Enquirer: 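Got a structure for you, questions after.
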Amino acid sequence: LMTMLLIMEAIDEGRISLEDKVLISDNSSKMGGSQIFLETGMEIEVKQLLKGIAIASGNDAAVAMAEHIAGSEESFVLMMNAKAQQLGMTNTNFENTNGLDDTTDTHLTSAKDIAIMSRELIKYPKITEYSRIWMDSIRNGEFGLTNTNRLVRFYEGATGLKTGSTSKAGFCITATATRGDM
């Protein structure tokens, strides 16, 4: 959620555009977990990477966008934590852009902080254009995307946002807005 929020802010502020081409680094192409299988040296538009993050939880796309916006994932994580503090998210600390927790010790958040991030993110109507999509494709139809938030398929009016889980705590968090919430 925070990665998408910072992307939307960068677009809104004119620092990047949906049409910008992002050069995929070796680092981003090697991300594990959910991914959209980016390859080193590939160039792909911001809008396709954003779709990959919103629809398929693409960890590789999240890192590619972090590098595009901040120069490195580490610098982007500093931006994420600064934004969390600005928003009053007192129970959140980010260690990476995508929430993978197999190499983190203090990557955490709370339900309240997720609600704060979600409330801020839905201020950008464009994000729900992506997050409410059940199935789509990128790279001229070469790669199919299926939303990891099953509510957008089965619950009428759900506009998505994100789902996620952690092996450390064994739970799943779903942030979903309905038409009435917007």
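Keep in mind that this is a model prediction, so the values were computed, not measured. All heavy atoms count here, side chains included; hydrogens, waters and symmetry mates do not.
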Enquirer: Taking only residues two or more places apart in sequence, or in another chain, which ones meet L18 in a side chain to side chain contact (heavy atoms under 4.5 Å, CB included)?
Expert: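 L18 satisfies side chain to side chain contact (heavy atoms under 4.5 Å, CB included) with I11, V46, K47, L50, K126, Y130 once adjacent residues are dropped.
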Enquirer: Can you name the side chain to side chain contact (heavy atoms under 4.5 Å, CB included) partners of Q86, sequence neighbours left out?
Expert: K83
Enquirer: Is a side-chain donor-acceptor pair under 3.5 Å present for T97 with T3?
Expert: no
Enquirer: Strictly distance-based, threshold 3.5 Å: is any side-chain N or O of T128 a donor or acceptor partner for the main-chain N or O of S131?
Expert: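 Pair absent, no side-chain N/O of T128 close to backbone of S131.
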Enquirer: State, with a plain yes or no, whether a side-chain heavy atom of T109 is found less than 4.5 Å away from one of M2.
Expert: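 Side-chain contact under 4.5 Å: no.
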Enquirer: Under the salt bridge (Lys or Arg N to Asp or Glu O under 4.0 Å) rule, collect the residues that match up with R153, sequence neighbours excluded.
Expert: none
Enquirer: Using the side chain to side chain contact (heavy atoms under 4.5 Å, CB included) criterion, which residues pair with N140? Sequence neighbours excluded.
Expert: none
Enquirer: Provide the full list of salt bridge (charged side-chain N to carboxylate O under 4.0 Å, His left out) pairs with a residue in residues 72-81, sequence neighbours left out, each pair given once.
Expert: none
Enquirer: Taking only residues at least two apart or on different chains, which pairs with a member in residues 47-73 satisfy ring-ring contact (aromatic ring centres under 6.0 Å, His included)?
Expert: none
Enquirer: What salt bridge (charged side-chain N to carboxylate O under 4.0 Å, His left out) pairs are there with at least one residue in residues 111-123, not counting sequence neighbours?
Expert: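 Sorted pair list: E120-K123.
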Enquirer: Is any side-chain heavy atom of I7 closer than 4.5 Å to a side-chain heavy atom of I53?
Expert: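 Of all side-chain heavy-atom pairs linking I53 with I7, at least one is under 4.5 Å.
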Enquirer: Linking I/L/V/M/F/W/Y whenever any side-chain heavy atoms sit under 4.5 Å apart, do L108 and L5 land together?
Expert: no
Enquirer: Indicate the atoms forming the closest heavy-atom contact of T106 with N93, along with that distance.
Expert: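 So the two residues come closest at O-ND2, 3.0 Å.
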Enquirer: Counting C-beta onward and ignoring hydrogens, is there a side-chain heavy-atom pair between E39 and I44 closer than 4.5 Å?
Expert: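 Answer no - side chains too far apart.
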Enquirer: Using side-chain heavy atoms (C-beta onward) and a distance below 4.5 Å, is L49 in contact with L38?
Expert: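 Answer yes - side chains close enough.
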Enquirer: Who are the ring pair (Phe, Tyr, Trp, His ring centres under 6.0 Å) partners of F37, not counting sequence neighbours?
Expert: F143
Enquirer: By the ring-ring contact (aromatic ring centres under 6.0 Å, His included) test, which pairs, at least two apart or in different chains, include something from residues 5-36?
Expert: none
Enquirer: Nearest heavy-atom pair of E95 and D105: which atoms, and what distance?
Expert: OE2-N, 3.2 Å
Enquirer: Going by ring pair (Phe, Tyr, Trp, His ring centres under 6.0 Å), name the residues that satisfy it together with F76, two or more places apart in sequence or in a different chain.
Expert: none
Enquirer: Please name all residues satisfying side chain to side chain contact (heavy atoms under 4.5 Å, CB included) with D136, sequence neighbours left out, ordered by chain then number.
Expert: K51, I55, I133
Enquirer: Partners of E142 by salt bridge (Lys or Arg N to Asp or Glu O under 4.0 Å), sequence neighbours excluded?
Expert: none
